[in-house]
J.: 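I'd like to ask some things about the structure below.
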2 protein chains.
Amino acid sequence: MTRAKGTSMSLTHSDGCDTAGFPAYENSCSVDDGAGRAIRDVLDRVGDKWSLLLIATLRGDRLRFSELLKHIPGISQRMLTLTLRQLERDGLISRTVYAEVPPRVEYELTELGGTLIPMARTIGDWALANHPAIEEARAEYDARP
Amino acid sequence: MTRAKGTSMSLTHSDGCDTAGFPAYENSCSVDDGAGRAIRDVLDRVGDKWSLLLIATLRGDRLRFSELLKHIPGISQRMLTLTLRQLERDGLISRTVYAEVPPRVEYELTELGGTLIPMARTIGDWALANHPAIEEARAEYDARP
DNA sequence: CTGGATCCCACTGGATACTG
DNA sequence: CAGTATCCAGTGGGATCCAG
């Protein structure tokens with residue numbers, strides 16, 4: 001995981017708008033400046049239904065379209081295509097077309113895309129560790145007047 | 001992001017149970033057992049438009065409704081209410097009502113909610129570190145035939 | 001001040017059929 | 001095989017008005 005060093009923090013504030021947890025978000029610094037936009041962008045990408053799952057599936061592998069379809073249960077052909085295009089556009093995965101018959105296209109993580117793996121791991125770890133507590137909280141919330 | 005209903009979400013590869021970046025999954029290929037649901041749940045919560053931002057804003061603070069409205073530029077009253085309810089239901093934030101006139105309600109992170117901060121930090125760090133690369137990749141992608 | 005109730009639209013994403 | 005094109009339902013989320 002690459003850490004954002006001090007460089008990013010100096011982007012936004014001259015007014016004591018420090019944000020140890022989430023740079024540029026606390027104390028109502030503008031959301032539309034660089035830092036806020038960066039986070040929103042990443043959340044928009046990673047937060048959608050299939051992107052992170054796709055990243056995780058491609059980890060260390062080089063898979064073709066039909067393989068991805070099989071390895072990701074529930075995804076439609078359309079969403080696989082769209083998600084792959086998005087990720088390719090963002091430079092997170094690479095697409096290689098082989099001029100063969102029948103056609104063959106392989107996808108793999110770029111170096112940049114690979115750096116997402118630790119993030120996926122962090123999210124996965126948190127989910128596994130705390131999901132029981134969340135479910136319990138939900139049950140309690142739903143059961144009370 | 002919508003909840004995955006009947007759709008399964010195993011992170012498996014063709015043969016065997018590769019965990020594809022979600023470590024603790026080593027031996028659970030099925031999906032409705034906690035693991036897949038846990039990750040999907042967390043992504044559904046963290047991936048939506050305002051939750052993580054709200055968590056970050058509440059970090060170490062105890063804020064009332066109107067303060068949150070001001071500190072989170074762009075959020076609507078409705079979405080603030082809805083997001084707060086969701087997070088409260090999941091036991092991530094606590095809601096304290098003071099019987100005063102005018103009414104006062106304060107929100108703060110629960111202990112469980114506080115454990116999300118490192119995750120937010122990881123995402124934020126990644127975003128700040130790699131957003132330039134993503135923007136560059138997009139520009140290049142859009143500029144090519 | 002807090003936040004519920006409504007209306008409404010844009011967008012996400014699923015199913016299906018078609019093509020190079 | 002690897003998509004593209006079309007249609008369509010559900011819903012996320014903004015604006016607004018109303019209430020305790």
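To find a chain, count down the sequence lines: A is the first, B the second, and so on, and within it residues start at 1.
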J.: Can you give me the closest heavy-atom contact between A/Leu112 and B/Ala133, atom names plus distance?
T.: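 Shortest heavy-atom separation between A/Leu112 and B/Ala133 comes out as CD2-CB, 3.9 Å.
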
J.: Quick check on contacts: within residues 92-105 of chain B, what sits under 4.0 Å from DNA chain C by heavy-atom distance?
T.: B/Arg95, B/Pro102, B/Pro103, B/Val105

J.: Just report the end-to-end axis angle for the helix from C/dC1-D/dG20 to C/dG20-D/dC1, five pairs per end, to 10 degrees.
T.: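 Roughly 40° between the end axes, to the nearest 10°.
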
J.: Could you work out, with side chain to side chain contact (heavy atoms under 4.5 Å, CB included) as the rule, every residue matching B/Leu82, not counting sequence neighbours?
T.: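 Listed in chain order: B/Arg78, B/Met79.
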
J.: Separation of B/Glu88 atom CD from C/dG4 atom P, in whole Å?
T.: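 In whole Å, C/dG4 P and B/Glu88 CD are 10 Å from each other.
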
J.: Can you tell me how far the NZ atom of A/Lys49 sits from the CG atom of B/Asp44, to the nearest 0.5 Å?
T.: 8.5 Å

J.: C/dT2 P sits how many Å from B/Arg85 CZ, rounded?
T.: 12 Å

J.: Given atom CD1 of A/Ile72 and atom C1' of C/dG13, what is their separation to the nearest angstrom?
T.: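 Answer to the nearest Å: 15 Å.
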
J.: Which atom pairs link the protein and nucleotides 13-17 of chain D when you take only N or O atoms and keep those under 3.5 Å?
T.:
residue : atom : partner : partner atom : Å
D/dG13  : N7   : B/Arg78 : NH2          : 2.1
D/dG14  : OP1  : B/Lys49 : NZ           : 3.4
D/dG14  : OP2  : B/Ser76 : OG           : 3.0
D/dG14  : N7   : B/Arg78 : NE           : 3.2
D/dG14  : O6   : B/Arg78 : NE           : 3.1

J.: Nearest-Å distance, CZ (B/Phe65) to C1' (C/dT2)?
T.: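 Distance check: B/Phe65 CZ to C/dT2 C1' gives 6 Å.
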
J.: Which whole-number value in Å describes the distance from A/Glu67 CD to D/dG3 C1'?
T.: 16 Å

J.: Any ion pair linking B/Arg144 and A/Glu88 (charged N to carboxylate O, less than 4.0 Å)?
T.: yes

J.: So, the side chain of B/Trp126 versus the backbone of A/Thr115: is there a donor-acceptor pair under 3.5 Å, distance only?
T.: yes

J.: In chain order, what residues pass the side-chain hydrogen bond (donor to acceptor under 3.5 Å, both in side chains) check against B/Ser94, with sequence neighbours excluded?
T.: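 Scan of B/Ser94 (side-chain hydrogen bond (donor to acceptor under 3.5 Å, both in side chains), adjacent residues dropped) gives none.
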
J.: Treating A/Glu67 as the side-chain partner and A/Arg64 as the backbone partner, does any N or O pair qualify as donor plus acceptor under 3.5 Å?
T.: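 It does hold such a pair.
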
J.: Can you tell whether the side chains of B/Asp41 and A/Arg138 come within less than 4.0 Å, N to carboxylate O?
T.: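 Yes, B/Asp41 and A/Arg138 are salt-bridged.
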
J.: For the pair made of CD in A/Glu106 and C1' in D/dA2, what is the distance, rounded to whole Å?
T.: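 Nearest whole value for this atom pair: 13 Å.
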
J.: Contact between A/Tyr141 and B/Arg85 at the side-chain level, heavy atoms closer than 4.5 Å - yes or no?
T.: yes

J.: Name all pairs fulfilling the salt bridge (Lys or Arg N to Asp or Glu O under 4.0 Å) condition that reach into residues 95-110 of chain B, sequence neighbours left out, sorted by first residue then second.
T.: B/Arg62-B/Glu106, B/Arg62-B/Glu108, B/Glu100-B/Arg104, B/Arg104-B/Glu106

J.: Whole angstroms only, please: what is the OH-P distance between B/Tyr107 and C/dT2?
T.: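 For the pair B/Tyr107 OH and C/dT2 P, the rounded distance is 8 Å.
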
J.: Regarding A/Ser66, tell me which of base, sugar-phosphate or nothing describes its non-hydrogen contacts under 4.0 Å with the strands shown.
T.: sugar-phosphate

J.: For B/Thr83 and B/Ser51, work out which heavy atoms get closest and say how close.
T.: CG2-OG, 3.5 Å

J.: Send over the distance from B/Leu80 CG to C/dC1 P, rounded to a whole Å.
T.: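 So the two atoms are 14 Å apart, to the nearest Å.
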
